[in-house]
Amino acid sequence: MVIGFQPSLLDLDEDVAIGPLGARVRRTWLSGGAWLDVRRGWLTGADALFQRLLDVVPWRAERRQMYDRVVAVPRLLCFYGEDEQLPDPALDGARRALDAHYATELGERFATAGLCLYRDGRDSVAWHGDTIGRGSTEDTMVAIVSLGAPRALTLRPRGGGPTLRHELGHGDLVVMGGSCQRTWEHAVPKTAQPVGPRISVQFRPRDVR
């Protein structure tokens, strides 16, 4: 796949290294029992990983019913279910690190990986929570690793309230936990600003989508 991408001058490593979590993770407590962890620059060599995933992942376009018409999903997608081989060993390492760090709180492993490719500022995802499956009734976690150019991840309480905004890219990690999928919504909004492509890797427990 040919997509123009300008790597960060601060991350030119070809080998991916997974940094520590622990005290480097910054947690923000939200309302309604939700919380958000952010770890900047968790992966070094993230831009090389971005290019590898861009080349090897079988990206697909989807169309979905939206009210009275079928529309194109404004991003490319690929999903790896339980026990499916991930497309790069670095993702296996990242998942093992997340499993180790969040084992006590989560009580289970991160079982699946969903990948999204945002080709430019026109690609986006609308306000939503991951409430298909157990996320609609249970506290859970969704861990997102951002690769490529930074894009905004916005969050707001369901029913309205102040919006939080985090610019994520180049190996940043964000984890939404507690009741976040039920009591808050998140989005990657469109932007008219010139932005490069981004891949998000979403690790989720079993039966959470």
Can you find a pair of side-chain heavy atoms, one from [X] and one from [Y], that are under 4.5 Å apart?
X	Y	value
His166	Val174	no
Leu147	Asp172	no
Arg60	Leu76	no
Arg95	Leu86	yes
Thr28	Val38	no
Leu168	Arg151	no
Arg52	Val16	yes
Met141	Met176	no

| message | Using 30° and 60° as the class boundaries, would you call the ring planes of Tyr102 and Trp35 parallel, tilted or perpendicular? | response |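 It falls in the parallel class, under 30°.
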
Rounded at 0.5 Å granularity, tell me how far [atom1] in [X] sits from [atom2] in [Y].
X	Y	atom1	atom2	value
Ser179	Leu30	OG	CG	8.0 Å
Ile18	Asp92	CD1	CG	9.0 Å
Lys190	Asp123	NZ	CG	6.5 Å
Arg119	Ile199	CZ	CD1	12.0 Å
Glu138	Thr131	CD	OG1	13.0 Å
Asp88	Leu53	CG	CG	5.5 Å

Can you give me the closest heavy-atom contact between [X] and [Y], atom names plus distance?
X	Y	answer
Glu185	Trp127	O-CZ3, 3.5 Å
Thr140	Gly135	CG2-CA, 4.3 Å
Pro87	Val56	O-CG2, 3.9 Å
Pro157	Pro162	CD-O, 3.4 Å
Ala149	His170	CA-NE2, 4.3 Å
Pro189	Thr154	CD-OG1, 3.9 Å

Practice task
Go through the steps for Phe203 and Val201 under the test side-chain contact (heavy atoms from CB on, under 4.5 Å), then give the verdict.
Solution key: CA-CA 6 Å; Phe203 294 108; Val201 184; 3.8 Å; yes

Check whether [X] and [Y] end up in the same hydrophobic cluster, where Ile, Leu, Val, Met, Phe, Trp and Tyr are linked by side-chain heavy atoms less than 4.5 Å apart.
X	Y	value
Leu98	Val142	no
Leu49	Trp59	yes
Leu117	Val125	no
Leu43	Leu153	no
Trp29	Leu155	no

- Candidate pair Arg24 and Trp42, rule side-chain contact (heavy atoms from CB on, under 4.5 Å), full reasoning: CA-CA 9 Å; Arg24 299 289 298 275; Trp42 184 43; over 6 Å; no

For Val188 and Tyr118, what are the C-alpha separation, side-chain angles and deciding distance, and is it a side-chain contact (heavy atoms from CB on, under 4.5 Å)? CA-CA 9 Å; Val188 177; Tyr118 299 85; 3.9 Å; yes

Tell me if the [atom1] atom of [X] is crowded by more than 12 foreign heavy atoms within 6.0 Å.
X	atom1	result
Gln85	CD	no
Ile132	CD1	no
Arg27	CZ	yes

Could you tell me whether [X] and [Y] make a salt bridge, using a distance below 4.0 angstrom between a side-chain N and a carboxylate O?
X	Y	value
Arg40	Glu167	no
Arg26	Asp37	no
Arg109	Asp99	no

Is NZ or CZ of Arg158 both nearer than 6.0 Å to the six-membered ring centre of Trp184 and within 45° of the ring axis?
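No, a cation-pi geometry is absent between Arg158 and Trp184.
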
*Does NZ or CZ of Arg198 come closer than 6.0 Å to the centre of the six-membered ring of Phe50, within 45° of the ring's axis?*
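Relative to the ring axis of Phe50, which defines the angle, Arg198 lies outside at least one limit.
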
- For salt bridge (Lys or Arg N to Asp or Glu O under 4.0 Å), just list the numbers for Arg204 and Glu82, CA-CA rounded to whole Å, side-chain angles, deciding distance to a tenth of an Å, and then say yes or no. CA-CA 10 Å; Arg204 298 182 179 91; Glu82 292 186 64; over 6 Å; no

With side-chain hydrogen bond (donor to acceptor under 3.5 Å, both in side chains) as the test, would you mind laying out the steps for His128 and Asp130 before giving the verdict? CA-CA 7 Å; His128 72 288; Asp130 293 0; 3.3 Å; yes

So, the side chain of Arg75 versus the backbone of Ser124: is there a donor-acceptor pair under 3.5 Å, distance only?
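At least one qualifying donor-acceptor pair exists.
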
